[in-house]
Amino acid sequence: MNTTSSWSAGLLACAVLAASPVQAQQWQPERPIEFVASAGAGGGTDIFARAIQSVIAKDKLVDTPIIVTNKGGGSGAEAYIYAKGNAGDPYKVYFGTQEVYVLPIASKLSYSVSDVTPVSTMIFDPFLLWVNPESGIKDVPGFVARAKQGGMKVGGARAKEADETLVSLIQKAIGAKFVYIPFRSGSETAVQLAGGHIQANVNNPSESVEQWRAGKQQPLCVFSAERMPGKDKVTATQSWSDIPTCREAGLDVPVFEQPRMMWLAAGTPPEAVAFYRELFRKVSEAPEWQAYVARAAQIPRVISGDALADFVRKDQARYGEIYASNGWAK
């Protein structure tokens with residue numbers, strides 16, 4: 001059986017096994033749980049994992065401690081290699097994005113997607129196009145004009161992953177070539193833009209909001225179908241909802257949003273998979289979590305079971321087509 005077939009079969013099996021609250025009651029953690037973030041400290045995945053940890057602790061949803069560790073090496077592959085080495089361990093939950101099924105498209109790795117079991121998604125992060133105000137770029141037409149002059153430095157988190165994929169779509173849409181500079185995380189990318197070392201980046205709201213407040217970077221547009229919610233002012237003059245969609249602003253790039261996902265190692269008992277799905281469902285309904293999602297300008301969207309299996313298959317195929325077009329596929 002090839003990797004794609006075994007991955008699909010694993011997804012379907014997980015969807016069947018993870019269903020009922022009765023199952024969830026058959027397994028309870030009896031020692032500390034490790035949340036493994038496939039990114040460095042301060043990155044979107046790290047923020048996501050720690051926000052969930054905080055809600056669980058505050059609402060006492062489990063009786064055992066939860067610690068967060070960071071394994072962001074190899075563009076996140078380190079976390080999933082760690083999962084492969086801890087097959088069947090229900091005390092390690094892996095937090096990441098689409099990288100788990102996208103990284104193997106471009107690179108030969110020592111793990112495969114069959115080494116992990118999907119649990120659920122809870123939110124999707126929108127991507128925004130950000131610039132340094134000192135660049136003189138004030139809007140999307142100005143960005144396009146500057147990009148067509150050549151040599152524009154555009155940053156993102158990691159190489160040949162979501163950020164560079166989006167940058168490649170922008171290049172094709174406007175007919176310009178950037179100098180793409182990958183950094184270890186979205187938070188590092190934001191710091192580099194604020195310092196003027198690059199002229200633009202693509203980044204999630206939570207990774208750039210503090211630099212926006214400080215006047216060190218400015219959002220031009222969001223790669224979503226609709227403007228973001230949120231009428232409260234983030235800066236003295238702007239709220240999230242004041243930012244136009246990229247298509248509205250004249251940049252014809254498809255909707256591009258990033259799932260924040262939880263995984264367990266392959267071989268984890270189905271009762272434990274069910275426990276964590278139920279746990280994360282409870283987190284998604286907590287007022288503290290909903291306040292965090294609104295504050296971080298994220299999109300609440302809980303997916304599990306068959307719907308998650310279907311989403312992953314389609315998203316993997318979408319990235320496969322883009323990677324093949326870019327010449328990145330192995």
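At distances below 3.5 Å, not a single donor-acceptor pair connects side-chain atoms of Gln192 with backbone N or O atoms of Ile198. Here the side chain of Arg247 pairs no donor or acceptor atom with the backbone of Asp252 at under 3.5 angstrom. Using a distance-only test at 3.5 Å, with no hydrogens or angles considered, a donor-acceptor pair links the side chain of Asp242 to the main chain of Ser239. No donor-acceptor distance shorter than 3.5 angstrom exists from the side chain of Asn70 to the backbone of Ala37, with no hydrogens or angles considered. The backbone N or O of Leu61 lies less than 3.5 Å from no partner atom in the side chain of Asp59, so there is not a single donor-acceptor pair. Glu207 contributes no side-chain N or O that, together with a main-chain N or O of Ala190, makes up a donor-acceptor pair within less than 3.5 Å.
With a 6.0 Å radius and a threshold of 12 heavy atoms from other residues, nucleotides or ligands, Gln290 has its CD atom above the threshold. Annotation for Lys138: atom NZ does not count as buried by contact number, only 12 or fewer foreign heavy atoms lying within 6.0 Å. Counted within 6.0 Å of CD on Gln238, heavy atoms from surrounding residues, nucleotides or ligands total more than 12; the atom is thus considered enclosed. Around the NZ atom of Lys71, the shell of radius 6.0 Å holds more than 12 heavy atoms that belong to other residues, nucleotides or ligands. No more than 12 heavy-atom neighbours from other residues, nucleotides or ligands sit within 6.0 angstrom of CD on Glu30. Heavy-atom neighbours of Lys330 NZ from other residues, nucleotides or ligands within 6.0 Å: above the threshold of 12.
Salt-bridge annotation for Arg260 and Asp125: present, with a side-chain N of the basic residue lying under 4.0 Å from a carboxylate O of the acidic one. Ion pairing between a basic and an acidic side chain is recognised when a charged N comes within 4.0 Å of a carboxylate O; Arg184 and Glu188 show such pairing. Looking at Glu257 and Arg301, a side-chain N of the basic residue comes within less than 4.0 Å of a carboxylate O on the acidic one, giving a salt bridge. Look at Glu248 and Arg227 and you find a salt bridge, because one of the NZ, NE, NH1 or NH2 atoms lies within 4.0 Å of a carboxylate O, short of that distance.
At a threshold of 4.5 Å between side-chain heavy atoms, the hydrophobic network of Ile, Leu, Val, Met, Phe, Trp and Tyr places Trp212 and Leu129 in two separate groups. Linking ILVMFWY residues whenever their side-chain heavy atoms come closer than 4.5 Å, directly or via other members, leaves Met228 and Val253 in distinct clusters.
Figure legend: cation-pi geometry between Arg313 and Tyr319 absent, as NZ or CZ is not positioned both under 6.0 Å from the six-membered ring centre and within 45° of its axis. Cation-pi contact between Arg158 and Phe183: absent, since separation from the ring centre below 6.0 Å together with deviation from the ring axis within 45° is not met.
A 4.5 Å side-chain heavy-atom check between Trp240 and Val222 finds every atom pair outside the cut-off. At a threshold of 4.5 Å between non-hydrogen side-chain atoms, the residues Val273 and Thr117 count as touching.
Classification of the Trp27-Phe275 ring pair by plane angle, with boundaries at 30° and 60°, yields perpendicular. Ring orientation note: the planes of Tyr80 and Tyr111 are tilted relative to one another, at an angle of 30° to 60°. The aromatic rings of Tyr94 and Tyr82 sit perpendicular, their planes meeting at an angle over 60°, well past the 30° parallel limit. Between Phe48 and Phe95, the angle of the ring planes goes over 60°, which puts this pair in the perpendicular group of the 30/60° scheme.
The heavy-atom pair separating Pro205 from Trp130 by the smallest distance is CA-CZ2, 4.4 Å.
Annotation: Phe311 is in aromatic contact with Phe124 [ring centroid separation under 6.0 Å].
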**OP:** Go through Ser224 and Glu226 one step at a time and tell me if the side-chain hydrogen bond (donor to acceptor under 3.5 Å, both in side chains) criterion holds.
**Re:** CA-CA 5 Å; Ser224 294; Glu226 300 176 350; over 6 Å; no
